[in-house]
Each structure stands twice: as C-alpha cells, then as structure tokens.
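The structure appears below as structure tokens.
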Amino acid sequence: MEMSGNVVIVESPAKAKTIEKFLGKDFKVVSSFGHIRDLAKKNIGIDIDNGFNPRYIITDDKKKVVAELKKSVKDAAAVWLASDEDREGEAISWHLMEVLGLSPENSKRIVFHEITKEAIQKAIQNPRPLNMNLVNAQQARRVLDRLVGFELSPILWKKIQPALSAGRVQSVAVRLIVEREREIISFKSESSFRASGEFTFTGEDGSEGTITAESSSRFTTEKDAEAFLMVCKDALFSIDDITVKPGTRSPAPPFTTSTLQQEAYRKLGLSVAQTMSVAQRLYEAGKITYMRTDSTNLSQLAINTAVKVITSEFGEKYSKSRQYKTKSKGAQEAHEAIRPTYMDNREVPGNAQEKRLYDLIWKRTLASQMSNAEIERTTITIGMSNSKSGFIAQGEVVRFDGFLKVYRESTDTNGEHAEEAPIPPVKPGIELNYRKICATEKYTTAAPRYTEASLVKKMEELGIGRPSTYAPVISTIQNRGYVSRGDRPGEKRRIRMVELSSGKIRSCDKSEIAGKEKSKLFPQDIGIVVNDFLVENFSEILDYHFTAGVEEQFDLIAEGSLDWSGMIGKFYAPFHSKVENTLEVSERKTGERLLGSHPETGEPVFVKIGRYGPVAQIGETSETGKPRFASLLKNQLIETITLDEALELFRLPRVVGTHEGSDMTVGIGKFGPYIRHENKFYSLKKDVDDPLEITEQRAIELIEEKREGDRNKTINTFGEILVLNGRYGPYISFKKSNYKIPKGTDPSSLTEEDCKKIIEKGSGSGKKGKK
DNA sequence: CAGTGAGCGAGCTTCCGCTTGACTT
C-alpha cells in the first residue's frame, strides 16, 4: 500500500502548484478552493435561541472538492493545514478539521505570508495549534453578516420591492453614492476672476525671455477684474523676490488590491472587475503574487532582486530599499503586496491588457525600492509700481529624478491642473513688460461623483469590505439597480474673460463644457428609496463607523477576552426588535413626490417608483377617470425632476417624421427608448439620443445604421438556417437554437449540408429552452 | 425583445468572505 506521507492543504490551486515545487516528493499539496462550508440558507442557518449556534453545510460547489480532499488525506501520515494567516484562513482550517475528521494528533497548523522556499520550510518547522479564538472571531463576523443581511432584506421585499438586498457592506457603499449625489444637487457653484500675465524681460546676456504668472489676488466680479487690469495698464513691473525651496518626494508603496484597482482605472481605464480578472490570469500564469491582499509588505527576496535590477539599470544612487507599513483599517496582512514573482521578468507574454497591467505592477514595485526624487520649488514674486497687488510665478524643477524615472502615481482629479511653465533664470530687480494680461472667470466645482475605483478607496478607508469582495460588492449594487455606471455629456457654460494687450482692455468671452462625466456611479431611484428607508430605520447599521465598531469587538474575541455568542446576543436583541417594529409600523415606500398640478386640468402630477420602475403620474384613480402614466428617462431622478420635465414625458410615443413613406414613432419600451418603423424596432443610443429631442434625420440615421449592422451580422442563410456573427464569434442559428461552428472552419464556406450536419451532431450544445 | 401602472397569490428573492471555472449568442 502506498502512503502519501504528508498532505498540505492551501486555499488556492495556483499556490499549491508553487509550493509543491519547494517541498519535494514527500509532500503532496492540494487546495480547498477557499471556504468549504457555509451557513445553510434555510431558516437563516443559525440556531438563534441556542447561543446562535451556526448550522454549517458543505455548499454544492464544494461537494466535489471535499470528496477529493477526503481521498487525499485518507492515508496521509500527517496533514498540514496551510490556509492563510488571518481570521478567514483560521476558520477554513477549522472547517477542514471538522469535515475531514482531523485531530491535533494527525494534523498541524502552519502559516506563512510569503511564498518562498525559506518561508515555507520555516513554517513546516514551526507548526502551532489551531487558534480557536480566531475561529470564533470569524464565526461572529459570519453570523452577524447573515443576521443583518437576512433580516433586513425581507423587510425591503415587503415595504419596497421584491428581490432587493441590504447588508453591512453594500448598504453603506450605496449610502456613500446617494449622499455624494445630494451634495452635488445642493451645490451652488460660484465664480471669481483671476488674472494670468505673460511678461517679457531682457536677460543678462541681452536675450529676451518670457515668464507666465498668476495674479496674487482674486476678483469677485468682472468689474473688479477690469479695474485691476486698468491698474496693470499703467504699472511698471519688476521682480521683487525669488525663493527656492528644496523638497523631496517619496515613491508610493507597492500595490494592494485597492491601490491596484485605483491605478489600473486611472492609468489603463480598467473597471474594478476587469482589473481583477486580468490580475487573476497573471497570477495563475505564475507572473505575479496573489492579487487579493491588503498588505504592502515585500519579501526580502523580492527587495533584493529589485535592488539588483535598479543598480544594474540605473546605478546605485537610484536604489533605496524600504519596508512599508500597511496603514489601511482592518488589514489582516495574510499575503504579500502584489508584485512580480520575478523582478527580472521585465515583461510577460499575453494579451495587451495583461502586458500593460504587468508593466504597471513591475514599475510600481521597482519604484517602491528607489531613491526619493529631489525637487526644487521656485516662487517668483512680481511687484507693481502702483499697487500692492502683484503676480506670482511658480515652477518646479526636478534636481534628481530618483523613482520618478520609472513611475509616477496618478491622482483622481481629472488633470485640471495646467502644466506649469518652466521658470526661466531671472534675478531680483529685473524689469518686466507685459505682453498680455488676461482675467478669466473660474467656477468652484462640487465634489466629484465616485468612480468604481474611488469608491473602493473610500470603502477601504472606512474599513468596509475586503480585498476579495470589493469587486463583487460593486457588481451587486449595480445588479440590484441601486446605482448605475454611466456618462453625462455635460453642459456648455460661458466663461467671461477680460484681456489687456497693447494698452487696450476688451472682453473676449469663451465657453467650456462643465460637468462632463465618464464612467461614474450614479444613484438610481430605487437605490435612493432603499437608502433613505434604511437610514431612517436602521441608522446604527448604516453608520459609517458601524463596521469599525464591530471589528473592535471581533479583535477582542480573537484575543480571547470576549465571548462571541455573547457579543452577537448583545447586538441581536435591540436589532431584532427594531426589525419587528419596522415590519409592523412602517408604511410602504414608493418615494412618491408631488410635483404640482397639471396646467390645464389641475390634476395632481407626481412621480414615484411604480411596478415597472420610476413613473410620472397625472391624476388619481377615481370614478370619473383613470390616471395617466409615463416612465421616467434613464437619467432623470424622482428627487430632481421638474413639473415641466414630467409633463414632457407624456409627449411619448410621438411621430418624429416619415421614412420610405411610413411614420417613425419614438417611444420608451421595456428595453429603453426606441424608434418604431414598419413594425420594426430600433434602439436609441444610450446617453446620446434623447427621445424627446430626436429629429427625423437622426432617426433615419439610426435605422440605416441598424440595417447595416444586420447585414454584417448575417454571413449566410439557407431558409430557416442562419449563419451569423455573434458576440462570441460566428455561429449557426436554427429554430431559436444556436450551434457552435467547429474550430478552424471558415463560416462563409459552410454549405447547407454542412450546417445540417452541425445541427444534427450539435444537439444539446445549443441553448435550448429558456431560463 | 419593445403596451404595461387592477385582480389571485405559491414560492422565491437576500448577507460577507474565501476560492475558481463554465459558458455565454
């Protein structure tokens, strides 16, 4: 009989593969694929009256994994439980012991937080007993989340709409977005003027130089700005003062999940989910370390190789090795930072996204071990002979680039800071002449809407969510319809300008597009109504500090100084009575808002969430008549829609014109705005076309566009058999079923006979029946 | 694919954190 000797269980199969190489043939390394058990869904999965005793089951997708694990450990001399060194990891080991029937005699708990040969061998030499306190902290976390999620969600089904959800993390994420929107709605933009001057001077060598500077004061009105220019007209300008301040800048720490998501969005335009899926592929290919981490820590091995690369590529003075402290709230540091597995791999094979993300990780990691940049900030003060006012020019010179040679972190501001012009060499006392001085109106702007990535950043700051859940939570709040990612075209606004040149003052207004948004998170009506309901009735859970508070208690449980079921009991009693009370006394919420009365009939006009979404309604059900309804447009909110805008909606459906002798009608259907022409439907372009504004010409354009698309979609037809181009490549469609075309076949060369064969053979491969 | 805005009302929806595939039209 064969003895497998030692079996090591880790969480991830890619990790298992790597570790097996380090351990040699006495060790077999297998993976649990994360948690293997979870609370049952039936009856909340918790015996509430019995100390909140959890009822765990092996989830369907883990039955096979568990069966394999059982086989693996059956004849093992020793089982090494090597799940992550954090709360969840400890719990995974405990579940493994329970399910696989392991005991402290035949199993050992080991931990390591970097995957290097030394770290793993050291771990094997230092096994420790399972930490039941840590497991209990995890059970408390799990039970609390289930209680909150499974007691709050059903209230929403009853009071607002079926299939909604609420939870400790997602509901706070939605709240952030709703409250930001309200800040934006109530924000009043103000404007002021600031003058920018272009000056010329004659340098010591007789050559002419130019310097650009901003006025030291702002002006609240156009008149004030003009008065200032009048003063400038008669002023003599000279350089009053020059200060040079040295400074340094340090590199950003290596990537965690959250910072990777932010930078990949800002630099590569990837969504949070895209970033994770590209990173997953790099990880599975062995190119980078684990991508779900809150740690900025690098292994000594990684630091050493980074230093080697830096000194050989740039020289010793560019190298400065550092260890970064993780400062994010609730960090558990079970892994390393996200870094290349081998720093000397400058690039990796793969698609463009994989190459670019890898490059970003490589640069960030390398930069983190490089010298500070040394900069010099110069401020030049320009005085005026006839005024205390003046101009200031600022510029920065990089004296030593250091880490900036490879990497510069982006910011969330949309590059609104103009590039500073370089400061020419000048001396105090030099006289200047103005070439042009221009006072420009500047507006204050509201706080920006969240992007997926900046929301993750905020969540991390509040300590809600974990690296493994940032992306899924952001999907959930969009799938529930609470928020939606979208663009706004922005609005034109006038910018007043007054210019002084050649002794003359004249105004020269221009316009700019303000409030343009791309890929931002907008709250939807249902999200707003759910949020307001939860904030009103469950302010404790919705509090931004709720998670931080319970995390403190989880820490006490982990230290062994607090009993977990007692802690949950203290939370649950008041929470549950609030649940009961809310179910009893709270009214149904539709977000109804009265806009006014109809100008002709005097009937009330209001907006609310109806059975099929947000709707405007004229009149109420009575003996004399029925109310009229019209759906709100995608970018309209119950909170901000006006009476006039609501009345406009009743103009739909409407005829916009004729094409080929038939009417074109615009309306809003189940799938959004459409044009109907000869009983065929054509969708309007999201965020581009407004069904209330669309013209006959544009409608024809859309119809032709769609026809052209359909022509490209069809490769061939044989009666009922269609060869089509789809999202996932060419396929055959026959009687509402789809069939794959064998790889390597040119779809345009298929004959009717070929197609029939594929259809016969492919029975079952096509999507039959509906779900 | 594309109207709707009553009724009857079974049975279902849902949480957060660990992990990957399967498979799409």
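A, B, ... follow the sequence lines: proteins, then strands. Residue 1 opens every chain.
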May I ask you to list the residues of residues 141-151 of chain A, by number, that have any heavy atom positioned under 4.0 Å from an atom of DNA chain B?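 Nucleic-acid contacts, sorted: R141(A), R142(A), D145(A), R146(A), G149(A), F150(A).
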May I ask you to say what [X] touches in the nucleic acid, namely base, sugar-phosphate or nothing, with a heavy-atom cut-off under 4.0 Å?
X: Y470(A); answer: nothing
X: G45(A); answer: nothing
X: Y682(A); answer: nothing
X: D84(A); answer: sugar-phosphate
X: A166(A); answer: sugar-phosphate
X: S631(A); answer: base
X: L156(A); answer: nothing
X: G672(A); answer: base
X: T590(A); answer: nothing
X: S165(A); answer: sugar-phosphate

Classify the side chain of S683(A) and the base of dA2(B) as holding, or not holding, a donor-acceptor pair under 3.5 Å.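 For S683(A), whose side chain was compared with the base of dA2(B), there is a donor-acceptor pair (under 3.5 Å).
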Is the phosphate of [N] approached by [X] (side-chain N or O, under 4.0 Å from OP1 or OP2)?
X: R466(A); N: dC18(B); value: yes
X: R292(A); N: dT20(B); value: yes
X: S12(A); N: dT19(B); value: no
X: Q617(A); N: dG5(B); value: no
X: S468(A); N: dC18(B); value: yes
X: R480(A); N: dC15(B); value: yes
X: Q138(A); N: dG17(B); value: no

Would you indicate which nucleotide in [options] comes nearest to any side-chain atom of [X]?
X: Y674(A); options: dT14(B), dG17(B), dA2(B); answer: dA2(B)
X: P162(A); options: dC15(B), dC18(B), dT13(B); answer: dT13(B)
X: R168(A); options: dT14(B), dT20(B), dG17(B); answer: dG17(B)
X: I92(A); options: dC18(B), dC16(B), dG21(B); answer: dC18(B)

Flag the pair [X] and [Y] as a salt bridge only when some basic side-chain nitrogen lies within less than 4.0 angstrom of an acidic carboxylate oxygen.
X: E68(A); Y: K63(A); answer: no
X: D690(A); Y: K685(A); answer: no
X: E90(A); Y: R109(A); answer: yes
X: K15(A); Y: E20(A); answer: no
X: D47(A); Y: R55(A); answer: no
X: K608(A); Y: D525(A); answer: no

Could you check whether [Y] and [X], counting side-chain N and O atoms only, form a donor-acceptor pair closer than 3.5 Å?
X: T665(A); Y: R654(A); value: no
X: E11(A); Y: S83(A); value: no
X: E336(A); Y: H113(A); value: no

Canonical and wobble pairing (Watson-Crick, G-U, under 3.5 Å) of DNA chain B, dot-bracket with |: .........................
Take the protein atom [atom1] of [X] and the nucleotide atom [atom2] of [N], then report the distance between them rounded to whole Å.
X: D86(A); N: dC16(B); atom1: CG; atom2: C1'; result: 14 Å
X: Q332(A); N: dC16(B); atom1: CD; atom2: P; result: 16 Å
X: L152(A); N: dT13(B); atom1: CG; atom2: P; result: 18 Å

With heavy-atom distances below 4.5 Å as the criterion, would you say the side chains of I526(A) and R480(A) are in contact?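 No, side chains not in contact.
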Just wondering, do R292(A) and I338(A) contact through their side chains at under 4.5 Å, heavy atoms?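 No, too far: nothing below the 4.5 Å cut-off.
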Could you tell me how far dG9(B) sits from dT13(B) if I compare only their C1' atoms? Round to whole Å.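 Taking atom C1' in both dT13(B) and dG9(B), they lie 16 Å apart.
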Nearest heavy atom decides the nucleotide; on that basis, is P13(A) or G167(A) closer to the 5' end of DNA chain B?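 The residue closer to the strand's 5' end, by nearest nucleotide, is G167(A).
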5' priority, DNA chain B, between S153(A) and Q280(A) [closest heavy atom]: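 On the 5' side of the pair lies S153(A).
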May I ask whether W157(A) stacks on the base of dT13(B), given the cut-offs of 5.5 Å between ring centres and 30° between planes?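 Base of dT13(B): stacked against W157(A).
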For the pair H598(A) (side chain) and T601(A) (backbone), establish whether a donor and an acceptor sit closer than 3.5 Å, ignoring hydrogens and angles.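 Here the side-chain-to-backbone pair exists.
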